[in-house]
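First comes the structure, then the notes that go with it.
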Amino acid sequence: MDAEDTERLDVVELLLTAECYNAHTALDAHDLPSLIRRHYWDAKARGVPRPITVCEKDVRAIYGTPNVKEVCAKLPFIEYMEFGGQLSLTVMELALRWFIKSGGLKRIERNPSIAYHCERMRVNGTGNISYARARQAVPPLHSERVWIDALVEDVREECGEEAEEMLKLCTISAPDEIPISLEELVLTPQQHEVISKMTAALKNREYLLDIGLYDVGKMLFVGPPGTGKTSTARALSKHLALPFLEVRLSMVTNQYLGETSKNIDRLFELAKRLAPCILFIDEFDFVAKTRTSDEHAAIKRAVNTLLKAIDEISLVRHGVLLIGATNHPQLLDVAAWRRFDEVVMFSLPDEEMRRQILERIASRMRGSFEMGEVARLTEGFSGSDLRLVVREAVLSNLREGRRELTQQSLLSAIQEFSRREGVKTGVLEEVDIA
Ligand SMILES: Nc1ncnc2c1ncn2[C@@H]1O[C@H](COP(=O)(O)OP(=O)(O)OP(=O)(O)O)[C@@H](O)[C@H]1O
Ligand SMILES: [Mg+2]
């Protein structure tokens, strides 16, 4: 299929979608493919108002098609109005038949509006098309930036000044703004198992609610720096199509300790308002440190607030999947541990995992290298360290004018990295002694 074919399919799909959406009032914004939905989204109406009209500028904005008029000229069932550049279908059935014949069936499988029309009207040649399946194939409304922004707007309207206090505690990302996916990470069988459990729990929320099983959906990621805790949490947001709220507990704690408890409450309140979502609390140990008797009363209060907030939030009831991450599990007390239904270990990768991580990092790089040897020589390196080693090797090759990765450059990078780490720890030790 060449670029011109794609452009034609784009225009016709848009026109068919508009036609179906306008005609079938049972359809809502969730029934539009993401690109179209985003373009016609009306923040105030919290949806896509009818009728959708299609003009040249819309096609250009949605697909980047430069020559809309020329594309239309080749399709006899499209009418192009010179004035205003509005497009419409003269005979819809003709357009649909052309679309199906020209390879559009695959698109209908992911376009609930057209699929709905085909299913209801029993359109010839679309026997396998299912509206329900098409709807599953488009990202849910709650995962879209426009939807998240609308909810944030609600928070601003309903909470007044308090809203800014809530919003500055965390960063909020839409799933498709997340640059990493689960496929790029090398995970252990236990990690895979937990992920599939959580996916199943999320899919069956109503069932869990029915049978009264509420205490599901709180995970603690434990492991040394650079082992993929943050990356996995982010990738989960993409995988589950849930907005991602990311917070460092050190940012929630305030020099005025009284504020800390308030901030914790604010954070969980925000998560509930943006649900369904993932609330990712990094540096989890920062507040939940062992509650020793001589600690300041306000810290104790903050810890208690945090534990209580965790108790009260639930994936099943509120749609908030909670993930805590820590490098210092020894700092957490039993009361904190008990609140998580899954503790997921992120250990330093073994040789086989290191090889897989290295191969994934270098999957798009050319050259002659053998990651088995690199993996063997990098005992004790984290995933993040391996990334740095490969980067170092690539850069040193580039400096010598080569775009190919070589084994020698990788081996030198390992040496260089070990030397630098050695120096770093050496310096730290000296500081410690001083
Ligand atoms: N198992 C892994 N597979 C693939 N890449 C990994 C893995 N572990 C770490 N990485 C890579 O290392 C980098 C750092 O990982 P990440 O920030 O997720 O670590 P972390 O456990 O959150 O560290 P920290 O405790 O310092 O916050 C990322 O770029 C990630 O892609
Ligand atoms: Mg991290």
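These numbers were taken from a predicted model, which means no experiment stands behind them. Counting starts at 1 for both ligands and their atoms, following the listed order.
With a 6.0 Å radius and a threshold of 12 heavy atoms from other residues, nucleotides or ligands, Gln415 has its CD atom at or below the threshold. Atom NZ of Lys272 has more than 12 neighbouring heavy atoms from other residues, nucleotides or ligands inside a 6.0 Å radius.
Regarding atom 9 (C) of ligand 1, its nearest protein heavy-atom neighbour is Gly226 O, 3.3 Å. For atom 14 (C) of ligand 1, the closest non-hydrogen atom on the protein side is Ser384 CB, 3.6 Å. Ranking the protein heavy atoms by distance from atom 27 (O) of ligand 1 puts Thr230 OG1, 3.8 Å first. At the shortest separation from atom 5 (N) of ligand 1 among protein heavy atoms lies Leu185 CD2, 3.6 Å.
Considering backbone and side-chain atoms alike, Gly228 places an N or O below 3.5 Å from some N or O of ligand 1.
Inspection of the Glu183 and Ser181 side chains reveals an N or O donor paired with an N or O acceptor under 3.5 Å. Neither side chain, Thr199 nor Ser196, offers a donor N or O lying under 3.5 Å from an acceptor on the other. The closest side-chain donor-acceptor pair between Asp31 and Tyr131 falls under 3.5 angstrom. There is a side-chain donor-acceptor pair under 3.5 Å between Glu13 and Asn111. Between the side chains of Gln407 and Glu373, at least one donor N or O sits under 3.5 Å from an acceptor N or O. Counted by atom type alone, Thr65 and Glu7 present zero donor-acceptor pairs between their side chains at under 3.5 Å. For the residue pair Ser34/Arg38, the side-chain donor-acceptor check at 3.5 Å is satisfied.
Only the side chain of Ile357 comes within 4.0 Å of ligand 1, judged by heavy-atom distances. Residue-level proximity to ligand 1 for Thr227 is carried by backbone and side chain together, each with a heavy atom below 4.0 angstrom. Residue-level proximity to ligand 1 for Arg387 is carried by the side chain, the only part with a heavy atom below 4.0 angstrom. In Arg360, neither the side chain nor the backbone holds a heavy atom less than 4.0 Å from any atom of ligand 1.
Within the cation-pi definition used here (under 6.0 Å to the ring centroid, within 45° of the axis), Arg46 qualifies as a partner of Trp147.
The nearest non-hydrogen atom to atom 30 (C) of ligand 1, considering only Ser231, Ser347, Ala325, comes from Ser231. Of the listed options Thr232, Leu348, Ile180, Val186, Val186 places a heavy atom closest to atom 3 (N) of ligand 1.
The shell of residues lying under 4.0 angstrom from ligand 1, judged by heavy atoms, includes Glu184. In this structure, Gly223 does not count as a contact residue of ligand 1, since none of its heavy atoms falls inside 4.0 Å of the ligand.
Within ligand 1, counting atoms from 1 as listed, the ones closer than 4.0 Å to a heavy atom of Asn327 are 25 (O).
Atom CH2 of residue Trp337 and atom OG1 of residue Thr326 lie 7.5 Å apart, to the nearest 0.5 angstrom.
Applying the salt bridge (charged side-chain N to carboxylate O under 4.0 Å, His left out) rule to Glu206 yields no partners; only residues at least two apart in sequence or on another chain are considered.
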**Request:** Start with the C-alpha distance between Thr260 and Asn263, add both sets of side-chain angles, then the distance that settles side chain to side chain donor-acceptor pair (under 3.5 Å), and finish with yes or no.
**Result:** CA-CA 5 Å; Thr260 303; Asn263 279 345; 5.7 Å; no

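Ordered by chain and number, Thr230 OG1 make up the set of protein N, O or S atoms under 2.8 Å of the Mg ion (ligand 2).
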